[in-house]
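Counting convention: from 1, in listed order, for ligands and their atoms alike. Note that the coordinates shown come from a computational prediction; the quantities given were computed from them, not determined experimentally.
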Amino acid sequence: MRDGFRLYDSHAHLGVSLHSGRVHTLDALLRDMDRHGVDRSLLLPFPVVEDYRATHDEIARAVRAHSDRLAGAASLYPFIPEAEFRQEVRRCAEELGFRALKLQPQYQALNPISSRSDFFFATALEFGLPVICHTGAGAPFALPSLFILPARKFPELRFVLAHAGGGLYAAEAAVAATVCPNIYVELSWLAPHQVRMVLEHVPASRLMIGSDLPDNLEAEFSKILGLDLPREAKQDILWNTAAAVFDATTS
Ligand SMILES: [Zn+2]
């Protein structure tokens with residue numbers, strides 16, 4: 001809670017990242033949440049991990065121990081055998097209670113408009129998981145506009161464009177959300193003026209904020225708190241949208 005606002009970090013990573021060497025522990029995460037007034041965080045695996053099942057188990061243990069403050073998301077390499085992929089997504093949704101499936105096209109080079117990607121999105125829909133799609137670095141497959149076609153093909157599936165195109169493609173993220181009502185935009189990595197640009201096109205009820213890295217927590221939340229916006233719009237970005245997308249039954 002900050003300035004009377006509930007804060008939902010919709011993009012936090014837990015575990016060990018093989019590509020960057022980052023190590024995010026549960027203790028440090030909870031300490032950072034307390035320090036910055038974050039009420040709830042969605043925990044995502046890093047895109048390159050030693051063992052995706054063990055990473056999902058680690059996230060599940062954290063969520064079980066702090067279910068009021070933490071929720072979990074799944075992420076795994078989309079080119080393993082389809083039966084194995086589907087089985088792990090089912091386990092994450094039904095046994096571990098996860099709330100989302102993440103695609104990171106920079107390290108999981110799945111072309112969102114290829115027929116091969118249908119399997120990914122259909123599996124998320126089958127198990128009732130919204131998809132979080134990393135956008136920005138990793139273009140062309142991480143371009144926000146590439147999610148327009150699957151969002152139209154799967155109108156019941158909710159798509160969260162993480163990092164809103166990462167600054168460079170922020171306008172594209174705004175366009176994608178404008179043409180697809182099931183596309184949501186997560187605003188990390190944008191400068192405040194780019195957040196304002198997105199807000200000119202996309203209602204706050206489809207915007208959310210995440211930290212991605214603990215070092216960025218303060219900057220990401222204060223850039224929203226500092227916007228000249230009605231309180232209700234700020235609360236949508238800071239909490240309501242993420243709670244509605246990921247925690248519909250508990251918000
Ligand atoms: Zn991330």
task = Check Asp212 and report its N/O/S atom nearest to the Zn ion (ligand 1), by atom name.
result = OD1

ask   = Can you tell me if CZ on Arg35 sees more than 12 non-hydrogen neighbours from other groups inside 6.0 Å?
value = no

request  = Validate the cation-pi geometry between Arg2 and Phe221: distance from NZ or CZ to the six-membered ring centre under 6.0 Å, angle to the ring axis within 45°.
outcome  = no

ask   = Would you call the rings of Tyr107 and His19 parallel, tilted or perpendicular, where under 30° means parallel and over 60° means perpendicular?
value = tilted

key: Heteroatom test (N, O or S) for His13 near the Zn ion (ligand 1), limit 2.8 Å   = yes

message = Taking N, O or S atoms only and a limit of 2.8 Å, check whether His163 reaches the Zn ion (ligand 1).
response = no

query = Is a salt bridge present between Glu58 and Arg61, judged by a nitrogen-to-oxygen distance below 4.0 Å?
reply = no

